[in-house]
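Report on the structure given below.
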Number of protein chains: 2
Amino acid sequence: MTVSRVAQKERTRRAILDAALDLSASSTLVALSLRQVAKEVGIVPTAFYRHFPSIEDLGLALVEESLDTLRALLRELRRTAGTDTGEIIDGSVAVLVEQVRHDHAHYAFIARERFAGPPTVREAIARGIELAERELATDLAHLPGTATWSEQDLQVLSELIVGAMVTTAERLLGTPTGSPAEQRVADTARIQLRMMLVGASNWRSQTG
Amino acid sequence: MTVSRVAQKERTRRAILDAALDLSASSTLVALSLRQVAKEVGIVPTAFYRHFPSIEDLGLALVEESLDTLRALLRELRRTAGTDTGEIIDGSVAVLVEQVRHDHAHYAFIARERFAGPPTVREAIARGIELAERELATDLAHLPGTATWSEQDLQVLSELIVGAMVTTAERLLGTPTGSPAEQRVADTARIQLRMMLVGASNWRSQTG
DNA sequence: AGATTGGGTGTACGTCCGTACACCGAAACT
DNA sequence: AGTTTCGGTGTACGGACGTACACCCAATCT
């Protein structure tokens with residue numbers, strides 16, 4: 001039984017990505033050696049170069065993957081969003097908790113590398129988060145009651161919401177699934193979102 | 001002219017701390033080698049052990065220093081706090097910007113190592129932030145209008161405020177001093193704090 | 001004045017690192 | 001069927017790493 005060459009290459013590539021994600025979890029990308037990854041995958045060190053020119057390029061591929069996961073989260077949020085504000089908030093936090101549990105490694109990777117990764121990796125993550133903020137701003141613009149808002153108002157609120165989401169995700173990473181601590185983080189996130197949405201709609205309509 | 005032994009030792013220790021702070025800025029503590037630090041300081045590698053048993057212990061010393069800086073920030077916030085809510089917010093953000101500029105290296109260190117540092121370093125930072133949250137909670141309890149709040153309410157609000165401060169500090173680290181981007185980050189922080197304080201006082205008094 | 005202490009030195013080691021190079025064998029192409 | 005392509009192999013190198021060990025000498029102690 002012969003295996004297609006492209007399929008085999010893809011399989012090894014995946015194994016490298018998974019190994020790097022796993023190994024970097026206990027420290028950082030910048031402390032990860034090519035030889036460690038190769039050993040974990042079960043290939044000889046030099047074979048690594050058949051897939052990536054360097055650990056840093058591997059890191060950029062992991063950023064892309066992780067940002068895809070983040071975008072999937074935002075898509076899921078849009079899909080499940082109801083019309084009632086309370087419904088939107090409860091649903092969003094529930095989805096956030098669920099997704100962070102499901103793709104724990106990706107979110108932990110972003111949290112770690114956002115400030116500690118190689119410069120190119122940091123920039124890629126920063127761009128991804130900015131993009132998410134802009135997408136959310138256009139989403140908010142289509143919500144009822146935001147017709148009179150300036151573009152800057154929408155952008156600021158988006159930054160606040162994404163910032164709260166990121167902070168919540170980072171806090172969730174430090175709590176065990178189903179723990180009281182997780183509950184408290186979720187509760188706090190709901191309160192924060194409520195404050196921001198309710199507060200924003202009242203306060204913005206007065207001053208903006 | 002002879003130099004006291006303890007003074008000399010302290011001087012070298014400081015040089016090691018400064019070198020480590022400086023060198024780790026371009027990556028992480030875990031990617032920092034004892035030899036790099038020694039070379040930067042101008043001592044032979046083995047002399048490092050006269051001051052710290054390992055790079056990780058050096059890291060813990062840096063955490064202590066950085067947390068001291070953070071506590072100084074909170075003290076400064078308390079000192080300059082007026083009675084008017086708007087005054088408190090504007091003053092707090094101004095102090096935050098100023099302090100992050102002044103002790104840039106310490107705040108960048110915390111941001112980096114909070115999720116990417118060695119486990120003991122991460123724990124030390126997490127404990128320091130929790131402590132700051134608890135201290136803020138007792139401060140809030142002494143503010144007028146919070147007499148009826150439950151301890152949990154105060155704790156949640158503290159977490160929100162500290163979380164916002166940390167997020168703001170991290171954003172400031174990515175903007176040049178006096179730039180429009182810095183202005184925008186400061187503006188966003190003011191809005192966020194206003195939403196949280198105003199929102200909390202209205203909403204909490206209804207449900208708590 | 002003589003003995004002790006301790007920060008800093010210099011050498012030396014085994015280990016891990018990235019990567020250059022020549023090579024292999026089977027899938028893919030002609 | 002013959003040739004080419006290419007993912008993976010194995011060896012080999014120079015360099016950086018942590019750290020053990022014996023040593024030095026000036027500040028400090030007695």
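Chain letters run A, B, ... following the sequence lines, proteins first and then strands; every chain starts at 1.
By the 4.0 Å N-to-carboxylate-O rule, Glu76(A) lies close enough to Arg79(A) to be salt-bridged with it. The pair Glu130(A)-Arg127(A) fails the salt-bridge criterion, with no side-chain N (NZ, NE, NH1 or NH2) lying under 4.0 Å from an Asp/Glu carboxylate O. Contact check on Arg71(A) versus Glu135(A) returns no salt bridge, with no Lys/Arg side-chain nitrogen under 4.0 Å from an Asp/Glu carboxylate oxygen.
Counting heavy atoms from C-beta on, the side chains of Thr28(B) and Phe115(A) never come closer than 4.5 Å. Using a 4.5 Å heavy-atom cutoff, the side chains of Thr175(B) and Gln183(B) are not in contact.
Within a heavy-atom distance below 4.0 Å of DNA chain C, the residues of residues 40-49 of chain A found are Pro45(A), Thr46(A), Tyr49(A). For the segment residues 23-30 of chain A, no residue has any heavy atom less than 4.0 angstrom from an atom of DNA chain C.
Shown here for Leu60(A) and Thr120(A), the closest heavy-atom pair between the two residues is CD2-O, 3.8 Å. The two atoms that bring Ala31(A) and Val30(B) nearest to each other are CB-CG2, 3.8 Å, heavy atoms only. When all heavy atoms of Ala25(B) and Arg112(B) are compared, the closest pair comes out as CA-NH1, 3.3 Å. Smallest separation of non-hydrogen atoms from Val41(B) and Ala15(B): CG2-O, 3.6 Å. Contact detail for Leu157(B) and Ala200(B): the closest heavy-atom pair is CD1-CB, 3.9 Å.
With hydrogens and angles ignored, no donor-acceptor pair closer than 3.5 Å exists between the side chain of Arg50(B) and the base of dG6(C).
Proximity note for Arg5(A) (side chain, C-beta onward) versus dA28(C), dG8(D), dT28(D): the nearest is dA28(C). Closest to the Lys9(A) side chain, of the nucleotides dC17(D), dG7(D), dT5(C), is dG7(D). Taking every side-chain heavy atom of Ser33(A) into account, dG18(C) is the closest of dC23(D), dT5(D), dG18(C).
Going from atom CD of Gln8(B) over to atom P of dC25(D) covers 17 Å, rounded to whole Å. In this entry the distance linking NE2 of His51(A) with C1' of dT9(D) reads 13 Å, nearest Å. In this structure, CD of Glu10(A) is placed 12 Å from P of dG8(D), rounded to the nearest angstrom. We find that CG of Leu32(A) is positioned 13 Å from C1' of dG18(C), with the value rounded to whole Å. At whole-Å resolution of the value, NZ in Lys39(B) and C1' in dG8(C) are 18 Å apart. The distance from atom CZ of Phe52(B) to atom P of dG6(C) is 18 Å, rounded to the nearest whole Å.
Other residues, nucleotides and ligands contribute only 12 or fewer heavy atoms inside 6.0 Å of the CZ atom of Arg184(A).
Across all strands shown, Ser54(B) has no heavy atoms under 4.0 Å from either base or sugar-phosphate atoms.
In terms of position on DNA chain D, the residue among Val6(B) and Ile55(B) whose nearest nucleotide sits closer to the 5' end is Ile55(B).
Looking only at distances, no side-chain donor or acceptor of Glu159(A) sits under 3.5 Å from a matching main-chain atom of Thr188(B).
Phosphate contact (OP1/OP2 of dA27(C), side-chain N/O of Ser4(A), threshold under 4.0 Å): absent. Put simply, Gln36(B) has a side-chain N or O that comes within less than 4.0 Å of OP1 or OP2 on dC17(D).
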Below 3.5 Å between N/O atoms, which protein atoms pair up with nucleotides 12-15 of chain C? Just atom names and distances, please.
none

